[in-house]
There are 2 protein chains.
Amino acid sequence: MKKVGLKEIAEHVGVSTALVSYVLNGQAIEKQVNKETAEKILSAAEALNYRPNQIAKSLKMRKTHTIGLVVAEINYRFSTGITRAIEGEAKKNNYTVIYGSSNENQEKFAELVNVFINRQVDGLILVPAEHSEEQIRFLQKAEIPFVLVDRNFPDIKTNYITLDNYKAAYKATEYLIATHHRRICMVNYKTTLFNLLERNRGYRDALKDHKIPFKQKWLQSINVEDIPQALDHVLTATDPCDALFFATDTLALHGLKYLNRKKLNVPGDVSVLSFDESDAFELFYTPITHSRQPLEEMGKQAVNTLLELIDHNKISKQISLEADLIIGKSCKES
Amino acid sequence: MKKVGLKEIAEHVGVSTALVSYVLNGQAIEKQVNKETAEKILSAAEALNYRPNQIAKSLKMRKTHTIGLVVAEINYRFSTGITRAIEGEAKKNNYTVIYGSSNENQEKFAELVNVFINRQVDGLILVPAEHSEEQIRFLQKAEIPFVLVDRNFPDIKTNYITLDNYKAAYKATEYLIATHHRRICMVNYKTTLFNLLERNRGYRDALKDHKIPFKQKWLQSINVEDIPQALDHVLTATDPCDALFFATDTLALHGLKYLNRKKLNVPGDVSVLSFDESDAFELFYTPITHSRQPLEEMGKQAVNTLLELIDHNKISKQISLEADLIIGKSCKES
DNA sequence: TTACATACTTTAAACGATTAAAGCAAGGGG
DNA sequence: CCCCTTGCTTTAATCGTTTAAAGTATGTAA
């Protein structure tokens with residue numbers, strides 16, 4: 001089956017490609033194309049099973065109707081959730097999403113961004129990897145439309161959609177305090193990422209505002225493989241923690257696995273609160289109380305902000321969304 | 001920052017775009033370009049931060065270096081696994097993957113395939129939705145390179161990579177029999193999909209070969225929301241089943257949730273065996289014995305088969321891979 | 001009869017790359 | 001002095017679209 005393009009249709013009907021293009025783009029009336037001719041063209045296109053070559057169209061129009069999305073790590077629940085939301089919203093607006101995962105690696109992040117730019121995406125939605133400030137600055141200088149999601153760099157002024165991490169963590173901590181926990185441990189990554197550090201700040205401020213003196217060892221800033229030592233440290237002390245606040249679902253997952261292994265009961269032996277929900281929580285014996293990010297909303301806002309940026313240029317949006325605290329049964333309510 | 005193309009470099013150096021193109025494509029020697037000129041071109045490209053316009057290149061070369069991937073449902077573990085594998089292998093070969101999910105809907109499947117074709121993907125990797133035979137036949141007639149993964153239609157001769165579902169189910173059932181289970185229930189979707197039906201066939205043949213008379217009610221062909229009734233039916237009978245063989249991880253997940261709700265212990269009250277592993281199994285109190293598909297291998301084979309098809313045309317490959325039975329602790333070994 | 005509007009349709013130049021083919025200058029052989 | 005190489009560079013067509021601008025034919029008014 002040979003390719004059929006405008007030319008083939010034009011020959012078949014006996015007109016020029018221009019006319020075919022007009023008709024097929026719905027400009028038949030505007031361009032005053034003879035009705036019969038228009039009909040002939042339409043039915044020829046149908047009969048020959050014409051498929052416009054989007055590549056040629058993109059080249060001419062300098063518009064690919066494609067968004068590049070870079071997430072931090074495809075395995076995160078956050079990533080699949082936000083991807084889904086973004087794809088849905090993009091599709092509504094007739095955009096395709098091509099995406100890749102940086103695996104939290106700054107170089108891979110830069111590489112993906114470059115690949116997308118070469119493919120002439122109309123804009124980018126990015127969950128930036130740690131230390132990718134330089135790449136972001138480059139995008140600004142190059143005037144490439146982009147919006148950050150989930151993470152932003154406080155000292156670079158960009159468009160972004162994030163969670164109000166401070167508030168979410170504050171509220172979560174407050175909930176633990178209200179349910180009579182007094183020795184609350186926060187388990188977070190050892191990181192420089194602003195959004196994660198904001199969670200620590202929310203946690204600490206909540207303690208402070210409720211007059212609970214903070215102990216340094218309650219704030220565990222670790223890598224995921226160090227969960228066992230960290231939990232041992234805070235759970236077997238003379239004054240063991242009565243609640244574990246995990247700053248991400250991945251940390252919580254590993255934490256819960258460790259608790260299972262140690263046969264520690266949740267919430268009997270220790271209360272657990274998580275940020276976000278992992279699929280894996282579904283079969284844990286107790287529903288995990290967690291702070292839920294509005295992924296749908298984030299994705300929607302991200303796409304819409306980006307499209308505004310692409311179409312009308314030069315807008316500035318910094319959006320903070322609020323998390324919902326979903327009450328499960330993983331915190332003792334005594 | 002205005003766009004820099006071949007033209008800008010050419011002007012900057014004072015040569016024609018042809019020369020620039022040659023040098024930038026590593027044909028400097030072949031085309032006997034003056035060494036100094038070549039160097040000037042290269043450094044100009046660097047200095048101006050030249051990025052080739054892949055769209056223009058694709059149009060000219062009639063090659064996009066893009067693969068279209070359609071999965072059945074983004075939420076399946078199988079889908080994320082195979083996507084990951086395919087992306088990895090594609091990247092190794094300098095291909096980009098654009099993908100979409102049909103959500104098991106035949107029309108959405110066809111639509112996605114069309115979008116990809118319009119975008120001039122070089123080939124397709126497809127997990128076909130139920131009843132999409134027509135679309136597959138169309139692709140064959142149009143001579144568009146594609147390979148099916150996971151699912152194939154026995155009466156259409158295509159290239160495909162699947163699991164040997166019959167054998168996997170046979171072996172799994174045999175394991176249950178070997179561990180002294182005699183009333184084994186198979187829970188599968190109500191479907192016409194060949195690969196899923198093969199699992200039933202494997203199950204039944206294993207029973208037959210071990211002289212266990214099959215009872216109709218042991219084979220539950222249902223929709224996922226009917227799990228509760230189905231399990232009630234087979235577990236509360238006068239002669240309740242001693243093992244549940246779930247044909248997919250999704251079914252198993254819902255089954256386990258139901259067992260949790262009913263406070264039925266695994267494997268104390270009933271043994272459980274699953275096809276594939278859901279992330280959610282991680283926090284179940286007992287590791288689930290399951291048949292594991294070699295996703296990495298499938299993805300790799302799919303990409304390589306497709307690339308052969310794209311490059312050398314006209315090959316025919318039907319590949320069946322074997323599953324591994326991963327022994328957990330969800331089957332009583334008495 | 002001329003002029004001009006109306007109703008269509010075609011021409012041809014883009015978009016940014018690739019690449020066969022042609023062009024040009026210098027040097028060597030006869 | 002003419003012709004042919006060799007070494008290097010440019011010209012121009014092409015990929016499949018879009019779209020201003022120009023073209024043509026017919027009808028109508030002055």
Side-chain angles (χ1 to χ4, degrees), chain A residues 1-42 44-45 48-66 115 117-122, chain B residues 1-42 44-45 48-66 115 117-122:
Chain A
M1 211 146 98
K2 63 270 170 196
K3 287 262 141 121
V4 0
L6 288 185
K7 198 159 59 153
E8 281 68 31
I9 299 180
E11 275 163 15
H12 190 264
V13 180
V15 294
S16 69
T17 59
L19 219 39
V20 179
S21 174
Y22 290 142
V23 171
L24 262 27
N25 286 302
Q27 306 188 159
I29 294 160
E30 185 187 338
K31 287 286 161 28
Q32 313 187 107
V33 178
N34 185 300
K35 247 190 170 177
E36 281 175 32
T37 316
E39 267 163 28
K40 269 194 250 167
I41 289 172
L42 283 172
L48 298 177
N49 191 26
Y50 168 69
R51 288 147 187 289
N53 181 326
Q54 296 296 342
I55 296 286
K57 198 168 198 157
S58 292
L59 177 60
K60 178 68 197 179
M61 303 305 246
R62 321 172 109 240
K63 188 127 182 32
T64 54
H65 278 274
T66 304
V115 167
I117 293 176
N118 290 355
R119 294 210 158 220
Q120 314 297 123
V121 295
D122 294 336
Chain B
M1 211 144 100
K2 63 270 171 195
K3 287 261 141 124
V4 0
L6 286 187
K7 198 157 59 153
E8 281 67 31
I9 300 180
E11 275 165 15
H12 189 264
V13 179
V15 294
S16 70
T17 59
L19 219 39
V20 178
S21 173
Y22 289 142
V23 171
L24 262 26
N25 286 302
Q27 305 188 166
I29 294 160
E30 187 187 336
K31 286 285 159 31
Q32 314 187 106
V33 178
N34 184 299
K35 248 191 171 179
E36 280 175 34
T37 317
E39 268 163 27
K40 269 194 254 170
I41 290 172
L42 284 172
L48 298 177
N49 190 28
Y50 169 69
R51 292 152 183 287
N53 182 326
Q54 297 295 342
I55 296 287
K57 197 169 198 157
S58 292
L59 178 59
K60 176 67 198 180
M61 303 307 245
R62 320 173 110 241
K63 188 124 182 37
T64 54
H65 278 274
T66 303
V115 168
I117 293 175
N118 290 354
R119 294 211 159 221
Q120 314 295 123
V121 294
D122 294 336

With respect to the side chain of [X], which nucleotide from [options] is positioned closest?
X	options	value
A/Asn25	C/dT9, D/dT18, D/dT11	D/dT18
B/Ser16	D/dA21, D/dT11, D/dT18	D/dT11
B/Asn53	C/dA17, C/dT19, C/dT9	C/dA17
A/Asn34	D/dT14, C/dT19, C/dC8	C/dC8

For a quick test of reading the model: is some side-chain N or O of [X] closer than 4.0 Å to OP1 or OP2 of [N]?
X	N	result
B/Ser21	C/dT18	yes
B/Thr17	C/dT18	no
A/Lys57	D/dG16	no
B/Lys7	C/dA17	no

Bend angle of the helix from C/dT1-D/dA30 to C/dG30-D/dC1, end axes from five pairs each (to 10°):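 Axis angle across the helix from C/dT1-D/dA30 to C/dG30-D/dC1, nearest 10°: 90°.
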Nearest heavy atoms of B/His65 and B/Asp122, plus distance in Å: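 Looking at all heavy atoms of both residues, the closest pair is N-OD2, 2.6 Å.
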On DNA chain C, check which nucleotide each of A/Met61 and B/Leu19 is closest to and give me the residue with the more 5' one.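 Upstream on the strand: A/Met61.
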With DNA chain C as reference, determine whether B/Tyr50 or B/Lys31 sits nearer its 5' end, using the nearest nucleotide of each. B/Tyr50
Does B/His12 have any ring pair (Phe, Tyr, Trp, His ring centres under 6.0 Å) partners at least two apart in sequence or in another chain, and if so, which? none
Does B/Tyr22 make a side-chain donor-acceptor contact with the base of C/dA17, cut-off 3.5 Å? no
Taken to the nearest 0.5 Å, the spacing of A/Ile55 CD1 from B/Lys60 NZ works out to 15.0 Å
Quick one: B/Leu59 CG to D/dA13 C1', roughly how many Å, whole number?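 It works out to 13 Å between those atoms.
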